[in-house]
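Values in this document were obtained by computation on a predicted structure and should not be read as measured data. The basis for the numbers below is simple: all heavy atoms, side chains too, and nothing from hydrogens, waters or symmetry mates.
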Amino acid sequence: MRALAIGATGMLAQQLNVEVISNNIANLSTSGFKRQRAEFQDLLYQNLRRVGSESSSAGTIVPTGIQVGAGVKAAAVYRISEQGNISVTDNPLDLAISGKGMFQVQLPDGTTGYTRAGALQLDATGQIVTSDGYPITPAITVPEDAIDVTVNAAGQVLVKVDGQTDLSNLGQIQLATFPNQAGLEAIGDNLLIETPASGSPTTGNPQDAGYGKLVQGSLETSNVNIVSEITDLITAQRAYEMNSRVIRSADDMLTTISQMR
């Protein structure tokens with residue numbers, strides 16, 4: 001009986017859906033996190049009576065036919081890159097991106113990672129790094145005698161040194177954009193890496209055309225909408241229950257058949 005297998009595919013699909021939703025909810029407070037959505041596709045169909053086939057020697061055509069589907073499968077889990085809220089932290093090295101773009105981070109293997117999480121810090125040498133100690137690219141080092149650090153909306157890092165009136169420009173923070181940001185691969189630790197699907201990065205300064213601006217002393221929150229997630233979770237749970245009911249009904253039908261004399 002096909003209903004058993006079809007119901008099973010539905011339960012597996014909703015299980016994945018719940019897992020994606022649970023990951024969104026778990027990262028509700030993760031800076032720069034972008035929520036994900038699961039997409040599904042129907043499986044192949046068995047043609048019991050092919051649509052468009054001739055039904056008689058007079059050339060009459062079967063208008064609809066009979067096709068029975070085999071269930072559902074997961075097609076994609078895509079990332080929604082809409083802007084998160086800007087949360088004020090008053091930490092001078094917390095940087096939020098308002099608009100398009102991602103920070104570039106040099107990973108330990110020499111490759112470049114990308115992130116929207118702007119909770120930056122200084123390492124032992126004064127270099128600006130992520131919370132895992134990975135330096136941002138281009139590298140910027142704050143001198144030990146600096147008494148104030150300012151990052152303007154255009155990404156320029158300015159410091160005031162004790163005894164000096166004018167601010168010194170230490171460097172420029174650049175942002176990266178991709179033709180298909182949803183094609184980036186998440187590797188954990190708020191980091192994404194380039195893939196063939198994402199396309200190659202294009203770098204530019206904040207506030208340039210096509211790039212967002214930086215907001216110092218703030219962090220971008222996740223773009224998870226908890227009301228939407230809970231609604232989706234309830235819908236997925238009901239769909240899972242309905243699929244299990246299909247399997248139970250198919251089992252009852254098989255029991256009826258086996259008890260026939």
Would a 4.5 Å heavy-atom cut-off, applied to side chains only, mark N27 and V224 as touching?
no
Would you check if L214 and F103 make a side-chain contact, meaning some heavy-atom pair closer than 4.5 Å?
yes
Donor-acceptor pairs under 3.5 Å, side chain of residues 160-179 to any protein atom, not counting sequence neighbours: which ones?
residue: N169; atom: OD1; partner: G171; partner atom: N; Å: 3.0
residue: Q172; atom: NE2; partner: A154; partner atom: O; Å: 2.6
residue: T177; atom: OG1; partner: T202; partner atom: O; Å: 3.4

Just so I know, are the side chains of T30 and N190 near enough to count as touching, which here means a heavy-atom distance under 4.5 Å?
yes
Taking side chain as C-beta onward, heavy atoms only, is I136 less than 4.5 Å from Q104?
no
List the steps, then state whether side-chain contact (heavy atoms from CB on, under 4.5 Å) holds for V129 with L122.
CA-CA 6 Å; V129 298; L122 299 180; over 6 Å; no
Rounded distance (nearest 0.5 Å) linking atom CZ of R238 with atom CZ of R245
9.5 Å
Side-chain heavy atoms under 4.5 angstrom apart, residues restricted to Ile, Leu, Val, Met, Phe, Trp, Tyr: same cluster for I230 and Y240?
no
Rounded to the nearest 0.5 Å, how far does CG of D90 lie from OG of S218?
7.5 Å
To the nearest 0.5 Å, atom CD1 of I247 lies from atom CG of L4 at 6.5 Å
For S22, enumerate each residue passing the side-chain hydrogen bond (donor to acceptor under 3.5 Å, both in side chains) test, keeping only those at least two apart in sequence or located in another chain.
none
Residue pairs involving residues 109-118 (criterion side-chain hydrogen bond (donor to acceptor under 3.5 Å, both in side chains); sequence neighbours excluded)
Q83-R116, D109-T111, R116-E220
CG on L12 to CG on N243, rounded to 0.5 Å:
9.5 Å
From the list K100, R35, K34, salt bridge (charged side-chain N to carboxylate O under 4.0 Å, His left out) with E82 holds only for R35
With sequence neighbours left out, what residues match Y134 under ring pair (Phe, Tyr, Trp, His ring centres under 6.0 Å)?
none
Quick one, Q121 and T130 - any side-chain contact, counting heavy atoms below 4.5 Å?
no
Run the side-chain contact (heavy atoms from CB on, under 4.5 Å) test on Q127 and I140 for me, step by step, so that the C-alpha distance in whole Å, both residues' side-chain angles and the decisive distance to 0.1 Å come before the verdict.
CA-CA 6 Å; Q127 193 169 19; I140 296 175; over 6 Å; no
Would you say I21 and L28 are hydrophobically clustered, going by side-chain heavy atoms of ILVMFWY under 4.5 Å?
yes
Do any N or O atoms from the side chain of Q216 and from the backbone of P92 form a donor-acceptor pair under 3.5 angstrom?
yes
Is there a side-chain contact between I66 and R50 (heavy atoms, below 4.5 Å)?
no
Same cluster or not: are L120 and L107 linked, directly or through other Ile, Leu, Val, Met, Phe, Trp or Tyr residues, by side-chain heavy atoms under 4.5 angstrom apart?
no
Nearest heavy-atom pair of E194 and L184: which atoms, and what distance?
CA-CD2, 3.8 Å
Between OG of S198 and CD of Q181, what distance do you get to the nearest 0.5 Å?
9.5 Å
Using the test side-chain hydrogen bond (donor to acceptor under 3.5 Å, both in side chains), find all partners of D189 that sit at least two apart in sequence or belong to another chain.
none
Using the rule that Ile, Leu, Val, Met, Phe, Trp and Tyr join whenever any side-chain heavy atoms are under 4.5 Å apart, tell me whether I97 and L219 fall into a single cluster.
no
Residues that T60 engages under side-chain hydrogen bond (donor to acceptor under 3.5 Å, both in side chains), provided they are two or more places apart
S55, S56
According to the side-chain hydrogen bond (donor to acceptor under 3.5 Å, both in side chains) rule, which pairs have a member within residues 224-233, sequence neighbours left out?
N24-E229, R37-E229, R37-D232
Residues A117 and S31: closest non-hydrogen pair is CB-O, 3.5 Å
hydrophobic_cluster_shared for V159 and I147, side chain cutoff 4.5 Å
no
Are the side chain of D123 and the backbone of G126 linked by a donor-acceptor contact shorter than 3.5 Å?
yes
Can you name the side-chain hydrogen bond (donor to acceptor under 3.5 Å, both in side chains) partners of R79, sequence neighbours left out?
none
Side-chain cluster (under 4.5 Å, hydrophobic types only) that Y45 belongs to, other residues
none
What's the shortest heavy-atom distance between I6 and G71, and which atoms?
CG2-CA, 4.0 Å
Decide side chain to side chain donor-acceptor pair (under 3.5 Å) for N91 and T89; before the verdict, give the C-alpha distance in whole Å, the side-chain angles of both, and the deciding distance to 0.1 Å.
CA-CA 5 Å; N91 182 354; T89 64; 5.6 Å; no
Which residues pass the ring pair (Phe, Tyr, Trp, His ring centres under 6.0 Å) test with F33, sequence neighbours left out?
none
Quick one, L158 and N152 - any side-chain contact, counting heavy atoms below 4.5 Å?
yes
Does the pair N23 and Q36 meet the rule for a side-chain contact (heavy atoms from CB on, under 4.5 Å), with working shown?
CA-CA 8 Å; N23 186 55; Q36 294 177 295; 3.6 Å; yes
For E39, the salt bridge (Lys or Arg N to Asp or Glu O under 4.0 Å) test, sequence neighbours excluded, returns none
Within a reach of under 6.0 Å around CG of L44, are more than 12 heavy atoms found that belong to other residues, nucleotides or ligands?
no
Answer yes or no: are there more than 12 heavy-atom neighbours, outside E144 itself, under 6.0 Å from its atom CD?
no
The remaining residues in the hydrophobic cluster of V20, counting side-chain heavy-atom contacts under 4.5 Å among Ile, Leu, Val, Met, Phe, Trp and Tyr, are L16, F40, V72, V77
Starting at CD of Q14, measure out to CG of L233 and round the result to the nearest 0.5 Å.
10.5 Å
Using distance alone, with no hydrogens and no angle criterion, decide if Q46 and R2 have a side-chain donor and acceptor under 3.5 Å apart.
yes
Please examine the side chains of V68 and L48, heavy atoms only from C-beta on, and report whether any two atoms are closer than 4.5 Å.
yes
Would you please test L192 and I187 for side-chain contact (heavy atoms from CB on, under 4.5 Å) and show each step?
CA-CA 6 Å; L192 303 165; I187 59 172; over 6 Å; no
Do you know the tightest heavy-atom contact between V18 and A236?
CG2-CB, 3.8 Å
